Amino acid sequence: MKIYVTRRIPEAATEFLTDHEVQIYDANHPIPRSLLREKIADADALISLLSDWIDAEMLDAAPKLKVIANYAVGYDNVDVDAATKRGIVVTNTPDVLTDATAELAWALMFAAARRIGEGERFTRAGEFNGWGPQLMLGQGIREKTLGIIGAGRIGTRFALGSRGFDMKVLYYDSERNETLEQELNAKKVDISYLLHASDFVSVHLPLTKDTKHLLDAHQLFRMKPTAVIVNTSRGAVIDEKALIAILKAGKIAGAGLDVYEWEPDISREFFEIDNVVLAPHIGSATYQARGAMAELCAGAVLKVFAGELPPNIVNRDVWVNRRP
Ligand code: DGY
C-alpha cells in the first residue's frame, strides 16, 4: 500500500509502516496544495497535519484513498462529510496530547497573568535596573474564578490542575461534566455568565461552524478588566479582530494564545500589544505527545488496511461503506 505523509513526523510512525511504501514531504513548511494533489493521486493512506486543508476538491484527486490519519486531535482541516461520502475513514489523535495541551494552557495562563513575555523582553533589552515595588505587577491566581469553555478531555485536565490553587471553577459545555462537578465542585453555567464572572478563561472547544467566533466582541466585552483569556484550541473560536481591539483598549488584563484565526498567518497587531503572550501552536509539542501521536496515526492506517475499525475514527458512519 502507498502512504503519503505530509511532513516528517517522529520515527515511531514510519517504523510501524515498513511493510508499505511510505513517502514523506520532508520540508520545514506545509506542503503546497498543488503538490499534495499530485502526491495523493495514487495514495492508499494519507497522514496529514492540521495545516493541510483536505477538502472535497482534494479528495477528488485521491481515488484510491482509504484513510486520512490526521496528526492532531482537532480535525477542522478535514472535510469529514466529504470524506465520508467518498468512503474514506478519518482518524485523529485524542488522549495522547491531553496532558501536553493542558500544561501549555497553564503555562500561557501564568505567563499572561504574571507578564512573563513582557518581563522577558524588558530584561533582555537591558531595561532591568533593580527590583521595583511597581515593576510588572500582574494578577494572582490563588482562590480566583477559573472559567473553562469546553469541558472535554483537555478542558477537564486543565481544570483539574487548578486544585493546587483553590480556585472556584465554572464551565461551559453542552454536556454535564460529573468529574469536574465532583472533584472541584465546578458549576455548569452559560457562556455569558462565565465570561462575566471569571478571572481566568481558558478555551478548549473544537472549531466547528457552531463554535466559530463564539467569543465575538459582544461576548469578550463581558470579561472583567482584570481578566486573562487563554486559547489553546483553535484561533477562530475567538474573533481575533475583536480580541485585538479589546486588548488594545485595555479592557482585559491579558491573553495567552497558542492558536490564531488565520494560521499560519498571525495578525501583525498582536506584535504591538504587550499584554499578550504568543506561542507558535505548540499545544502538543512534547516529545512524549508527538511520539504517541505518530504511533496512533500509523496504528490507524494499519487497522484500516487490515479491515479493522481504528479506535480513533472520527467518522464511524463511513465504516460499512468504506472503500475496499
Ligand atoms: C491538535 O492536535 O489539534 C492541537 O492543536 C495540536 O497542538
Side-chain angles (χ1 to χ4, degrees), residues 5-10 12-13 28-31 46-55 67-80 83 90-109 111 148-159 161 173 202-212 214-215 229-238 240 243 255-266 277-301 310-315:
V5 189
T6 64
R7 190 82 70 87
R8 185 161 293 283
I9 58 174
N28 197 22
H29 55 82
I31 183 167
L46 175 70
I47 300 185
S48 55
L49 307 188
L50 56 85
S51 46
D52 304 319
W53 181 234
I54 315 292
D55 56 9
V67 50
I68 301 165
N70 203 44
Y71 187 67
V73 67
Y75 48 88
D76 47 286
N77 59 306
V78 180
D79 184 338
V80 176
V90 181
T91 66
N92 68 342
T93 61
D95 301 316
V96 294
L97 47 66
T98 298
D99 285 329
T101 311
E103 287 165 11
L104 187 83
W106 275 102
L108 287 172
M109 189 172 130
I148 311 293
I149 299 187
R153 285 179 290 258
I154 299 171
T156 301
R157 190 64 54 84
F158 173 81
D173 199 281
S202 191
V203 183
H204 299 282
L205 285 172
L207 178 63
T208 65
K209 60 181 179 354
D210 298 324
T211 63
K212 182 166 183 197
L214 183 71
L215 298 179
I229 188 164
V230 169
N231 189 8
T232 51
S233 63
R234 285 294 178 269
V237 176
I238 303 182
E240 192 161 297
L243 179 62
L257 306 176
D258 186 43
V259 288
Y260 306 92
E261 184 162 354
W262 299 283
E263 283 183 36
D265 294 335
I266 167 161
V277 180
L278 305 170
H281 202 151
I282 49 170
S284 65
T286 63
Y287 292 107
Q288 296 76 11
R290 290 283 167 86
M293 288 162 69
E295 281 182 36
L296 263 190
C297 286
V301 167
N312 46 335
I313 187 169
V314 300
N315 58 344

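Bear in mind that the values here come from a model prediction, so they are computed numbers and not experimental data. One-based numbering, in listed order, for ligands and for the atoms of each. Positions are given from 1, in the same order as the sequence printed here.
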* **Proximity of T101 to ligand 1 by residue part, where a heavy atom lies under 4.0 Å** => neither

* **Check: P206 main-chain N/O paired with S233 side-chain donor or acceptor under 3.5 Å** => no

* Can you name the salt bridge (Lys or Arg N to Asp or Glu O under 4.0 Å) partners of D99, sequence neighbours left out? -> R157

* Asked: Among protein heavy atoms, which sits nearest to atom 1 (C) of ligand 1, and what does the distance come to when rounded to 0.1 Å?
  -> V73 N, 3.5 Å

* Asked: In terms of atom number and element, which parts of ligand 1 are under 4.0 angstrom from non-hydrogen atoms of H281?
  -> 4 (C), 5 (O), 6 (C), 7 (O)

* Where the side chain of T6 meets the backbone of S48, is there a donor-acceptor pair that is under 3.5 Å apart? -> no

* **Atoms of ligand 1 close to G283 [distance to a heavy atom under 4.0 angstrom, numbered from 1]** => 7 (O)

* Please write down residue, atom name and distance for the protein heavy atom closest to atom 6 (C) of ligand 1. => S284 OG, 3.4 Å

* Asked: Short question: side chain of D173, backbone of A151 - any donor-acceptor pair under 3.5 Å?
  -> yes

* Among protein heavy atoms, which lies nearest atom 3 (O) of ligand 1, and at what distance? -> R234 NH2, 2.7 Å

* Structure fact -> For S202, the side-chain hydrogen bond (donor to acceptor under 3.5 Å, both in side chains) test, sequence neighbours excluded, returns H204

* For L97, the ligand 1 atoms whose distance to one of its heavy atoms is below 4.0 Å -> 2 (O)

* Just by distance, do the side chain of R234 and the backbone of L205 share a donor-acceptor pair under 3.5 Å? -> no

* Asked: Under 3.5 Å between some N or O of ligand 1 and some N or O of L50?
  -> no

